[in-house]
Amino acid sequence: MIRVDNIKKSFGKNEVLKGISVHIQPQEVVVVIGPSGSGKSTFLRCINLLETINDGHVYIEGVDITDKKTDINQIRTDVGMVFQQFNLFPHKTVMENIMLSPVKVKKIAKEMAYEKGIELLKKVGLVEKADAYPDSLSGGQKQRVAIARALAMEPKIMLFDEPTSALDPEMVGEVLEVMKQLAKEGMTMVVVTHEMGFAREVGDRVLFMDDGLIVEENKPKDLFENPQHTRTKAFLSKVL
Amino acid sequence: MIRVDNIKKSFGKNEVLKGISVHIQPQEVVVVIGPSGSGKSTFLRCINLLETINDGHVYIEGVDITDKKTDINQIRTDVGMVFQQFNLFPHKTVMENIMLSPVKVKKIAKEMAYEKGIELLKKVGLVEKADAYPDSLSGGQKQRVAIARALAMEPKIMLFDEPTSALDPEMVGEVLEVMKQLAKEGMTMVVVTHEMGFAREVGDRVLFMDDGLIVEENKPKDLFENPQHTRTKAFLSKVL
Amino acid sequence: ACGTSGTSGTGGEEEELKELKVMTDAAYAPFEYMDGDKIVGFDIDVINAVAKEAGYKLNIKHTGWDPIFVELKSGSYDIAISSISITPDRLKEYDFTLPYFLSTNKILIPEDSDIQSADDLMGKVVAVQAATTGHEAMEKLFGEKHKDIKAFENNNLAIMELEKGGADAVVADNGVIEYYSASNPDKKLKVVGDKDTFDAEFYGMMFPKGSEYKADFDKALETIIENGTYVDIYKEWFGEEPDLDTLKAEQEASK
Amino acid sequence: MDFKFDIIIDYAPYFWEGTLLTIGLSIAGILLGTILGLFIGLGKIIRNKWLAFPFTCYVTFFRGTPLLVQILLVHFGVVPLFLGETNGIVAGVIALTLNAAGYIAEIFRAGIQSLDKGQMEAARSLGMNYFQAMRYVIVPQAFKRMIPPLGNEFVVLIKDSSLLSVVATPEIMYWGRMMTGQYARVWEPYLTAAFIYLFLTLTLTILLNQLEKRLKTE
Amino acid sequence: MDFKFDIIIDYAPYFWEGTLLTIGLSIAGILLGTILGLFIGLGKIIRNKWLAFPFTCYVTFFRGTPLLVQILLVHFGVVPLFLGETNGIVAGVIALTLNAAGYIAEIFRAGIQSLDKGQMEAARSLGMNYFQAMRYVIVPQAFKRMIPPLGNEFVVLIKDSSLLSVVATPEIMYWGRMMTGQYARVWEPYLTAAFIYLFLTLTLTILLNQLEKRLKTE
Ligand SMILES: Nc1ncnc2c1ncn2[C@@H]1O[C@H](COP(=O)(O)OP(=O)(O)OP(=O)(O)O)[C@@H](O)[C@H]1O
Ligand SMILES: Nc1ncnc2c1ncn2[C@@H]1O[C@H](COP(=O)(O)OP(=O)(O)OP(=O)(O)O)[C@@H](O)[C@H]1O
Ligand SMILES: [Mg+2]
Ligand SMILES: [Mg+2]
């Protein structure tokens, strides 16, 4: 599904990714953990080319997205992304947020997009907020709308960058619930998160990143209970 | 030590505190929990008069601080406060942050304030950062400096308003450690926090606030394991 | 050569000459204008000659036109020379020397203009310098604050407006516009007069009411006219003989 | 100091006409300036440095030189070139428009850049291309943020239009200066002009504040 | 159109003198304006509405009326009242100072209000009174934030000082207008003036950007 092949990324002289390779299977849920600044967000952003990659390749369903000839906008419709800061469009209602891209980019008829939107809002439990503006929503609700918006493009893969860490603790649950549901339905997912409970319950595999490298990867249970690497141990002792 | 007597506080038409009464003993550690918007911060801020109280009284060591004749600045030197957002003074070094108030308000000699500062920095494990500027510190370090700064005024009571919730998870531990130490040394403390582990280990008493009222209070163990009120139960089920 | 001619009473050789502050709007060639940072012109030469005769030193400043009337009144300057026509209105507020120059308003127009007299100006746009006698004459002709009168803060801007086509004519003192059209032949301008509409005017040096210097200046002015200095200056600037008879007659009349 | 109210009353009709012209000139300036300014602002944020260069020059020139110079150049230089003759009102509209456009271009650019980078990223990650993202997500939000500074620019224009008195455009200040010329008095004409301007700018400011409040609650 | 460089060269020494005076006037305006502006800004944030009122009026007047009016009032009205005579340079310094102070007062107020409320609260919770908190915590930080807008005000002053040409203060624009008078030409004098101003404002802007960068890294 996704093959990441030895990618490298620098900001100026600061090499942030020092050669990352991963193979992600369809329907797999991969959780990425690691200390702040280790390059987790950068890694995710490279997968849908929000950052230009300096070296290496990323293949999505066999297509090399780093190839200049590839139509990035086409690729991006296949890769949904959910950000820590929600990034809803504040000048549009919830429903308009969801319908915008299907209508403008995929040229889907408004009525169809609307129906799809209602369906998605049902899924995240927010149908009654269809006409509300983002500013009137709680953090948890915003993030659920953001997930629905990404799903509206019918992506094959969903990327989540710390989707719950800007939320009040009470609201974390409702967002994780939606994500669990999504995983159950067979979505391929890459999730950067500090929620170890989620990783343990839903993750098929956990990657531990430090200093621009994948230091260790394993099934969640094994990695959490039996970390091999000293850096992993140090990190887990702090957060668990 | 502190007696809070049926205080009420409104912002405009919005009554945020609807009659709060608490009695806090010397050396007691009181933990305040509750959903967002329930008035926890407002309650803390009323104790050192960062908010004017509409009705009711607060007595600190028998002195009515709501009395117009009371010198608030005098009272505030007895009540240290630590904020979620640290609020260090960015234009001053760590040591200058700590020394500012003792020197300018308490008129303590600079040398003495400096010695005291070094002592406090040792306590929070940051002596080597004495001459650093706040911007160069991590969140956890900033918060430890903020604690040291509050302690420099030799307060009799310390108020903490979610001291760890703006921190990356890895840094939470180091701040809680300092607070535990403080509790052990017998400081009277009121702590608003989402860290249930801390509440359980250090708290003498937990107050659960909702909608401007103290709904339930008890020893941490009892309150967490055996909540009486439905609202408490609902809240705890989400965050524990 | 320091010009103490003894008129200032007890003056010995060492005594400093009294310095008078003079205002002018140095944007009115050839009477007063800037040559680089120096103020030059006919008026300047005349007042220097008069002051030398009367035993004063002068400090001439370019201040602009409107300020002349405001500031002379407030007493911050002693005298103004700036092609100021002596009018009954002005005489109410200020003192003047005897007239030193005969002038009349005339009309500056492009060579191909069909304007021949003031009456032809009706319906045309006329640029003037604000608060001059030319401005007043046009208001008398067109009506107060008439839309077709464009008043600028100095005469150069008014002439510029004419050249750039924003006005059909400029009405101003003959000396100025004649000098301008003569010294800028490439601009293809001509000057027409209209004795019926524009009265003869006489320039005077202007003082605040009750000035102590008026008498000295009057006397010195008559002296330089008598001794030929005035004629020399006049010829130098205008290349012809002045009409001394008319001027002297007016001087007698205004005494 | 005696303050002669009667001469102000004499001049009242002229001040009234001047006020109307001042308002007209400022409105023309803000409207045309906004259109031109948006265009130049968009030009300035083009990534290609060479394409953006003329727009950058425009902004630099009109923000870097005094309006008085611009007015004189437009009145005696530019307008005669096109119209064949000077015209104080046309020159006023053109000079104010060109000047305002320089500032509005920057307001627009700042409005766009003040938007969180996340908005652009979210739009791109939803598959929109750069122009779609600008059109549907960035520009509409930037517009809303532009309203307060645009209002401010309007106030600036009202005041700046006073410079047109130098080229005999008969707005408020022109009549103030005529009055000084006629009566050789300072305080009456200039204080009258000052208070008319103050009235205009304050009224506008109050209206703008209300607009801003309404926008905020929306 | 023929462009006569020789007449520009003739006037070069005067433009040079004018440039020095423009720079001098702007420096005087920014320095004195900052001192006065700080004072007025502090006055304006007084909580007591009545005490703050005169300061608010000051700011409203000087920001709400055209600088041209202010210059004429100061030159013909205020200066003669105190000095007994007009003086273009004194009037220039006073008018620019008074005007700049109105804007700087607002810059100062904005600088203070842009500071996080938490700073004041932290200071008060450490036992400082209002004045101690202002003096040791708020004002020093506000100062640093004021530097960029103060720099901007400096640029504005350079341009605004051109209005002093109307009262015959011999700065750049004055010589430009004299040159127009002498040679009856438009483009040469005004473009020359425009480029001198552009040079001054651009140089200053570059210096300010560097200063800002340095401040940021500090
Ligand atoms: N746009 C950028 N320009 C320069 N440096 C950047 C940029 N984005 C990220 N970095 C740097 O790259 C490194 C990795 O950043 P990244 O955001 O990927 O870390 P992370 O693991 O997601 O951390 P966190 O848990 O704090 O989100 C950091 O040192 C960061 O400072
Ligand atoms: N300065 C203020 N002006 C108006 N309303 C305020 C102000 N401060 C707080 N409130 C309101 O008072 C209520 C209680 O706020 P408070 O900050 O005390 O809650 P909290 O329990 O601390 O919540 P949180 O967990 O989010 O910090 C909220 O509804 C909030 O909107
Ligand atoms: Mg990240
Ligand atoms: Mg709170």
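By number of non-hydrogen pairs under 4.5 angstrom with chain D, the leading residue of E/Leu200, E/Thr60, E/Asp160, E/Leu204 is E/Thr60. Contact count against chain E (heavy-atom pairs under 4.5 Å) is highest for D/Leu72 among D/Val186, D/Leu73, D/Leu72. Of the residues considered (E/Leu67, E/Leu198, E/Ile196, E/Thr201), E/Leu198 shows the highest number of contacts with chain D, using heavy-atom pairs under 4.5 Å. When each of D/Leu191, D/Leu202, D/Val155, D/Leu163 is checked for heavy-atom pairs under 4.5 Å with chain E, D/Leu163 comes out on top.
More than 12 heavy atoms of other residues, nucleotides or ligands shown are found within 6.0 angstrom of OH on E/Tyr183. Within a 6.0 Å sphere centred on OH of D/Tyr58, heavy atoms belonging to other residues, nucleotides or ligands number more than 12.
Within the 4.5 Å cutoff, the side chain of D/Ser165 has heavy atoms near those of the E/Leu68 side chain.
For the atom pair CG of D/Leu81 and CH2 of E/Trp187, the computed distance is 6.0 Å after rounding to the nearest 0.5 Å. In this structure, CZ in D/Phe76 is found 6.5 Å from OH in E/Tyr190, a value given to the nearest 0.5 Å. Note that OG1 of E/Thr65 and OH of D/Tyr197 are 10.0 Å apart. Values are rounded to the nearest 0.5 Å.
Heavy atoms of E/Val156 lying under 4.5 Å from chain D are absent altogether. With a 4.5 Å cut-off on non-hydrogen atoms, E/Phe61 touches chain D through its backbone and its side chain both.
D/Val69 approaches E/Ala194 most closely through the heavy-atom pair CG1-CB, 3.8 Å.
Side-chain atoms of D/Lys159 come within 3.5 Å of backbone N or O of E/Arg63 as a donor-acceptor pair.
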